[in-house]
Amino acid sequence: MTRARWLLSAASLFALWLAGALVLLPRLQRDLETAARETLSRQPALNERLGGLQLAFDGLQARLTGSVRTAQDRSTLEAAVQDLVRAPAPLTGGLARRLNPVSSVRNEVEVIPFPPGWMLLAAQGGRARLLGTAADDYEARDLARSVQESWSMQGGMTEGTPGTDAGRHDEAASVSATLRTLPAPQPSVQAWLVRIGQGWKELSLSRPDSELRSEANALGVSETEWRQQVLPALHELRSKQLRQQLAQAESERQARLPPGYLFLAVRDEQIILRGEVGSAAMKEEILQEALTAFAPHRLHDEIRVSTQRRPSGDFGPLTTALLPEADQTGGGKSCHLSLSDDAWKPVDWQIAPREQAWKQTLPAGLDARPLQQDATLLSHWLEGDDSHAPAPLLPMDAPFLALALFGEKAIASGQVAEEAVRAQFVAAVRLAYGPRLVVLSDDVHVRGNCAPSSNNILNTLKSLPPAPTTRSPVVFAIAKPGGTWMLLPVTSQLLEAGGLARSGLLPAGIPAAAVEDVAAESIEQLRLRPAPPAFR
């Protein structure tokens, strides 16, 4: 072949190759872009982090533009395109399908991280709730734990963990400023907001929502997060703040009220408590203390409850030291006065009320006229004037003790006036029947409207009825404290409603209705037990 023909053949071949390359090149670029995107999507490190990336090919050269969140992402992108893309090279007939045809990578990607998340600390005193959004579970967990530890070291307690949104936030480079500036617990209601990595900023609850929303948006709170998390928390804090303010105002109003007062007058084994206090709870507490301290004296309640008196404060302790001595001048009579948060002071009831020295010890500004009226009335009563006689003595209920013995149970019931009698009765029953029988004693009650028990209570405790036998499997007995036990025949008629009253078997003075009420559990257990032959 001549040289001219060689040159012509080579030129023809090059022309054909060039024409083929020009036709195949666009298709090759599309294949390369497709293969490159598939390769990048399979990289775990780049999962959900390719939204801001643009990839294009100029021939066999790849060009990367856009932005990623870290320098590591940028390097991972370049390495994946440079080494992992697989596509057929031009004019190879698919023989090089396992090779990477990318000749080079031009990496123009910018590193632009997402902003850190945010947190809200909604606090009421030492109790706080932590809300917010972090980059991932690790950051949310570590921040919640650190805030909880720091808050608890200052006497508070936090609960809650921020949520996560990896598509909008990256981890903060450092959280030291956030942890260092964590506010301390305050007595008032407060809200604190922070961009993770920065210092906390207090949200003033008195400002309108529109201003607080703009402030929250500047710290990374989205509109959805504002509506679903921040705004409900602020409304809850405002509600608590309002209740706190109302309670504070009420406390200040009550502190300006005059204190309550009480007179305690004693005559003929009777006691009158007369005066004015600020709440029903104070009155109830005083009466309970007096009933315990002054038994068996008869106590007359003439305590008034007024909303114009301070509903707080303690009166002096009620003890027998306030009672007159037996040989005291004045025939066993005495009178004392106490203001709330003050001790009891003796009142000389034998001289004219207007000359009483107690009026000189009253707090400045306290209206003495109500106290003067009560002191005058009690002085007259102590002198023997019965124009103001206390309410007549109500009849007292008779004390009684009851026992139901059957099967493996011993059920004690009854009502007495003294705790000591109740304790002695329960102890005697346990000693007599336990552990062979299960002793139940919840129905033995101490009641203030019971008459005092006999001093010879040991006679009753040492003569408890014998335990049941095969011949007599059921025992139902009743006694007055200090008296002897009466065994009642356990029949179906006796156990019916009203059966005790109709039987006429109860000791004199013990009301059947009271026994059926107090011993209701015993009677019900007897009624439900397997019936003996006599009942069939």
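In this text, all values refer to a predicted model and were calculated from it rather than measured experimentally.
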**Message:** Within the structure provided, determine whether F263 and V347 are in side-chain contact (heavy-atom separation under 4.5 Å).
**Reply:** yes
**Item:** Backbone of A398 reached by a side-chain donor or acceptor of Q415 within 3.5 Å
**Value:** yes
**Other residues, nucleotides, ligands: >12 heavy atoms within 6.0 Å of E419 CD** = yes
**Prompt:** L403 versus W485: any side-chain heavy-atom pair under 4.5 Å?
**Reply:** yes
**Asked** Ion pair present between R129 and E159, side-chain N to carboxylate O less than 4.0 angstrom?
**Response** no
**Asked** Would you say E223 has more than 12 foreign heavy atoms packed within less than 6.0 Å of its CD?
**Response** yes
**Request:** Consider only side-chain N and O atoms of Q244 and Q248, and report whether a donor and an acceptor are under 3.5 Å apart.
**Result:** no
**Message:** For a 4.5 angstrom cut-off between non-hydrogen side-chain atoms, does L262 reach L339?
**Reply:** no
**Prompt:** Nearest 0.5 Å, what's the CD-CD distance between Q186 and E202?
**Reply:** 8.5 Å
**Request:** Kindly say whether L382 contributes a backbone atom to a donor-acceptor pair with the side chain of K333 at under 3.5 angstrom?
**Result:** yes
**Prompt:** Do S188 and Q124 touch side chain to side chain, with heavy atoms closer than 4.5 Å?
**Reply:** no
**Item:** CZ (R304) with more than 12 external heavy atoms under 6.0 Å
**Value:** yes
**Message:** Treating S150 as the side-chain partner and S146 as the backbone partner, does any N or O pair qualify as donor plus acceptor under 3.5 Å?
**Reply:** no
**Asked** Checking E418 side chain against S453 main chain: does a donor-acceptor pair fall under 3.5 Å?
**Response** yes
**Request:** Indicate yes or no for a side-chain donor-acceptor contact from E139 to the backbone of A135 under 3.5 Å, with no hydrogens or angles considered.
**Result:** yes
**Request:** Check for a donor-acceptor pair, side chain of R267 on one end and backbone N or O of W381 on the other, with a separation under 3.5 Å.
**Result:** yes
**Message:** Checking the side chain of S338 only, and the main-chain atoms of D342 only, is there a donor and an acceptor separated by less than 3.5 Å?
**Reply:** yes
**Prompt:** For D442, does the CG atom have more than 12 heavy-atom neighbours from other residues, nucleotides or ligands under 6.0 Å away?
**Reply:** no
**Item:** Side-chain H-bond candidate by donor/acceptor type, H300 with Q270, under 3.5 Å
**Value:** yes
**Request:** Scan T181, L120, L193 and name whichever one has a side-chain contact (heavy atoms from CB on, under 4.5 Å) with W200.
**Result:** T181
**Message:** Could you check whether any side-chain heavy atom of T460 comes within less than 4.5 Å of a side-chain heavy atom of T484, counting everything from C-beta outward?
**Reply:** no
**Message:** Looking at K283 and D301, is any side-chain nitrogen of the basic one under 4.0 Å from a carboxylate oxygen of the acidic one?
**Reply:** yes
**Asked** Do other residues, nucleotides or ligands put more than 12 heavy atoms under 6.0 Å from R369 CZ?
**Response** no
**Donor-acceptor side-chain pairing of S222 and E225 below 3.5 angstrom** = yes
**Request:** Would you mind reporting whether V490 and F406 have side-chain heavy atoms less than 4.5 Å apart?
**Result:** no
**Message:** Does either side chain, that of D374 or that of Y261, offer a donor lying less than 3.5 Å from an acceptor on the other one?
**Reply:** yes
**Asked** Within a strict 4.5 Å, meaning less than it, do heavy atoms of the V147 and L182 side chains meet?
**Response** yes
**Message:** Under a 4.0 Å threshold between the charged nitrogen and the carboxylate oxygen, would K240 count as salt-bridged to E236?
**Reply:** yes
**Side-chain donor or acceptor of W344 paired with backbone N/O of G316 under 3.5 Å** = yes
**Request:** Flag the pair V277 / S306 as yes when at least one side-chain heavy-atom distance between them is below 4.5 Å, and no otherwise.
**Result:** no
**Prompt:** When you measure from the side chain of R310 to the backbone N and O of L257, does any donor-acceptor pair fall under 3.5 Å?
**Reply:** yes
Listed pairs under 3.5 Å, donor-acceptor, residues 502-519 side chains, sequence neighbours left out:
from	atom 1	to	atom 2	distance (Å)
R502	NH1	A497	O	3.3
R502	NH2	E496	OE1	3.4
R502	NH2	A497	O	3.2
S503	OG	L500	O	2.8
S503	OG	L505	N	3.4
E516	OE2	G498	N	3.1
E516	OE2	G499	N	3.4
E516	OE2	L500	N	3.4

**Message:** Could you check whether any side-chain N or O of D341 sits under 3.5 Å from a backbone N or O of D314, counting only pairs where one atom can act as donor and the other as acceptor?
**Reply:** yes
